[in-house]
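Whatever order the structure lists them in is the order used to number ligands and atoms, beginning at 1. Throughout, residue positions are numbered sequentially from 1 according to the sequence presented. Only a predicted model underlies this, so the values are computations on that prediction, with no experimental measurement involved.
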Amino acid sequence: MPKILIIDDEPHILMMVKKMLERAGYDVNLASNGNEGLKQFRKSPPDLVITDIIMPEREGLETIREMKLLRSNLKIIAMSGGGKISADNYLETAKIFGAAIVIEKPFTQKQLLSSVVELIGSVEDSV
Ligand SMILES: [Mg+2]
């Protein structure tokens, strides 16, 4: 079963995305910041990482860079609603750091799911 690690400091986003991806058949792990995400990443290597950008402890851009150093072919989706600077800037940088797909918040569940399928295929494909 494809394994997905979701990193976001907003609990309702973690829960919403987890529910949606589990319903689609994926195995899901959660982390609430980049440090926790890296711990999970080492403990239970995922097929795909979905990460927020603006988070306490360790933010997303640094997390993306770190994970790409650990595994250069890792598939990553970055999502951001922006902050002091616009989401566009963060997401452009996320791409440079190695995110395969970037999504601006708020996004629809359908939009995120189709990005996941594009990168790692649907669960039906893998069984
Ligand atoms: Mg955030």
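Between Arg71 and Phe41, some side-chain heavy-atom pair lies under the 4.5 Å cut-off. Between Val28 and Ile6 there is a side-chain heavy-atom pair separated by less than 4.5 Å.
For the Mg ion (ligand 1), the count of nearby protein N/O/S atoms, taking only those under 2.8 Å, is 3.
The salt bridge (charged side-chain N to carboxylate O under 4.0 Å, His left out) pairs that include a residue from residues 38-52 are Asp52-Lys105, where partners are two or more places apart or lie in different chains.
With rounding to the nearest 0.5 Å, the separation of CE in Met67 from OG in Ser72 is 14.5 Å. Here the CD1-CG distance, from Ile50 to Leu5, works out to 9.0 Å after rounding to the nearest 0.5 Å.
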Any chance you could lay out the salt bridge (charged side-chain N to carboxylate O under 4.0 Å, His left out) test for Glu92 and Lys95, step after step, and finish with the verdict? CA-CA 5 Å; Glu92 273 312 306; Lys95 260 190 214 163; 3.6 Å; yes

